[in-house]
Amino acid sequence: MTPPLFILLCSGEHEKIQMAAMTASVAAVSDRPVEVFVSMNALAVFRKDVDGQRYSGGNFSKVMKERNVPDAIELFGQGKMLGEMKIFACSMALDVAQMELDDLVEDLVDDAGGLTKFLSDAESGQLIVF
Amino acid sequence: MSERTTIDARGAFCPGPLMELIATLKLVEIGDEIDVLSSDKGSAIDIPAWVEKVKHEMVGIEEEGDFWHIVVRKIK
């Protein structure tokens, strides 16, 4: 088993969310356990109910929406289903945004979590920030 | 008797074809083959790399017009 991959996802930009989803899902299906910690602007992208478009970003975001690019939230879901992946929502960001775990996409986020625990877990593998 | 399943992932971008392959691998029997049709150039490189990493087997890869046949055998 390859050492686990830890992804700290804080940007709400479509391009970064997409890259994080691709990295997380491909690693998970390649026998590499993945933990994702979702905080800051990224949290809103994981909302169950979104007004209008879920993803917003720059030029590349526009191109991705026009073409048949896999949906980032679905990619995270596939990674979880086909590999070993856990997704935690930052409890601080949930509090600040006055959101609950129930407000997030169903069967995707495993639990609310703290940064200290995540960083401590991440000592056993590699950490990437998006 | 091994069987061959075809997945038409043409038009899907990375890592769509790989994800479809993995989902299908879970459903077929050991020894069966899967023929992934993909128009995504990256997948023609990535799928063989994934197959090698997780220790399934590449049967072959062939370009046909504007897409590839990437044939994989389930080993475990």
Side-chain angles (χ1 to χ4, degrees), chain A residues 1-5 7 9 13-34 36 54-55 57-87 105 107-108 125-126 128 130, chain B residues 5-59 61 63-76:
Chain A
M1 195 61 109
T2 319
L5 181 66
I7 293 177
L9 179 54
E13 197 184 31
H14 186 194
E15 287 86 340
K16 291 200 176 185
I17 301 271
Q18 187 74 21
M19 201 65 227
M22 290 166 69
T23 306
S25 57
V26 170
V29 299
S30 303
D31 293 342
R32 187 163 189 189
V34 178
V36 184
R54 183 176 295 279
Y55 308 107
N59 282 339
F60 211 85
S61 169
K62 267 185 224 151
V63 179
M64 288 196 289
K65 284 176 190 165
E66 286 163 12
R67 310 289 293 273
N68 192 16
V69 170
D71 179 271
I73 293 290
E74 283 176 20
L75 270 179
F76 279 117
Q78 287 170 351
K80 283 189 67 143
M81 193 170 61
L82 302 171
E84 191 183 332
M85 189 197 299
K86 284 213 169 353
I87 302 180
V105 178
D107 299 328
L108 193 66
Q126 188 183 15
I128 305 181
F130 290 97
Chain B
T5 307
T6 299
I7 304 170
D8 191 348
R10 285 174 291 183
F13 288 95
C14 167
L18 174 66
M19 292 297 166
E20 289 195 45
L21 165 67
I22 296 167
T24 308
L25 271 170
K26 300 232 175 210
L27 304 174
V28 303
E29 303 289 328
I30 288 171
D32 286 355
E33 294 175 359
I34 298 171
D35 181 5
V36 184
L37 313 187
S38 171
S39 52
D40 173 53
K41 200 176 283 181
S43 296
I45 300 163
D46 278 351
I47 289 179
W50 179 84
V51 167
E52 189 183 338
K53 176 159 197 307
V54 303
K55 312 230 179 325
H56 284 294
E57 190 179 288
M58 278 303 298
V59 175
I61 181 162
E63 200 171 346
E64 184 186 321
D66 56 358
F67 68 96
W68 282 264
H69 287 274
I70 308 163
V71 185
V72 178
R73 182 179 293 123
K74 178 171 175 166
I75 293 297
K76 54 177 188 175

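Throughout, a chain's letter reflects where its sequence line sits, starting with A, and its residues are numbered from 1. Being a predicted model, the structure only gives us computed values, none of them experimental. All values below were derived from every heavy atom in this structure, side-chain atoms included, with hydrogens, water molecules and symmetry-related copies excluded.
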**OP:** Report the C-alpha separation of A:Val105 and A:Arg54 in whole Å, then their side-chain angles, then the decisive distance to 0.1 Å, and conclude whether the side-chain contact (heavy atoms from CB on, under 4.5 Å) test is met.
**Re:** CA-CA 12 Å; A:Val105 178; A:Arg54 183 176 295 279; 4.0 Å; yes

Original post:
Is it true that a side-chain atom of A:Ser30 and a backbone atom of A:Arg32 form a donor plus acceptor pair closer than 3.5 Å?
Top reply: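 A pair under 3.5 Å: no.
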
**OP:** Spell out, as yes or no, whether a donor-acceptor pair under 3.5 Å connects the side chain of A:Gln18 to the backbone of A:Pro70.
**Re:**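 Pair found, side chain donor or acceptor close to backbone of A:Pro70.
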
To the nearest 0.5 Å, tell me how far [X] [atom1] sits from [Y] [atom2].
| X | Y | atom1 | atom2 | value |
| --- | --- | --- | --- | --- |
| B:Ser43 | B:Leu37 | OG | CG | 12.0 Å |
| A:Leu75 | A:Ile17 | CG | CD1 | 12.0 Å |
| A:Phe60 | A:Glu13 | CZ | CD | 12.0 Å |

**OP:** Taking atom NZ of B:Lys53 as the centre, report whether more than 12 heavy atoms of other residues, nucleotides or ligands fall under 6.0 Å from it.
**Re:**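 Correct, the count exceeds 12.
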
Original post:
For B:Glu52, does the CD atom sit with more than 12 other heavy atoms under 6.0 Å from it, leaving out its own atoms?
Top reply: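 12 or below, so no.
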
Subject >> A:Thr23 and A:Ile128: CA distance, side-chain angles, deciding distance, side-chain contact (heavy atoms from CB on, under 4.5 Å) verdict >> reply: CA-CA 10 Å; A:Thr23 306; A:Ile128 305 181; 4.3 Å; yes

Subject >> Contacting region of A:Thr2 [heavy-atom separation from chain B under 4.5 Å] >> reply: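 Contact with chain B involves the side chain of A:Thr2 alone.
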
Subject >> Any residue of residues 65-76 of chain B which, by heavy atoms, sits under 4.5 Å from chain A >> reply: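 Listed by number: B:Lys76.
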
Original post:
In residues 22-36 of chain B, which residues are in contact with chain A at a heavy-atom separation under 4.5 Å?
Top reply: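 Hits under 4.5 Å: B:Ile22, B:Ala23, B:Lys26.
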
Original post:
Run the side-chain contact (heavy atoms from CB on, under 4.5 Å) check on A:Ile73 and A:Tyr55 step by step: do they pass?
Top reply: CA-CA 10 Å; A:Ile73 293 290; A:Tyr55 308 107; 3.2 Å; yes

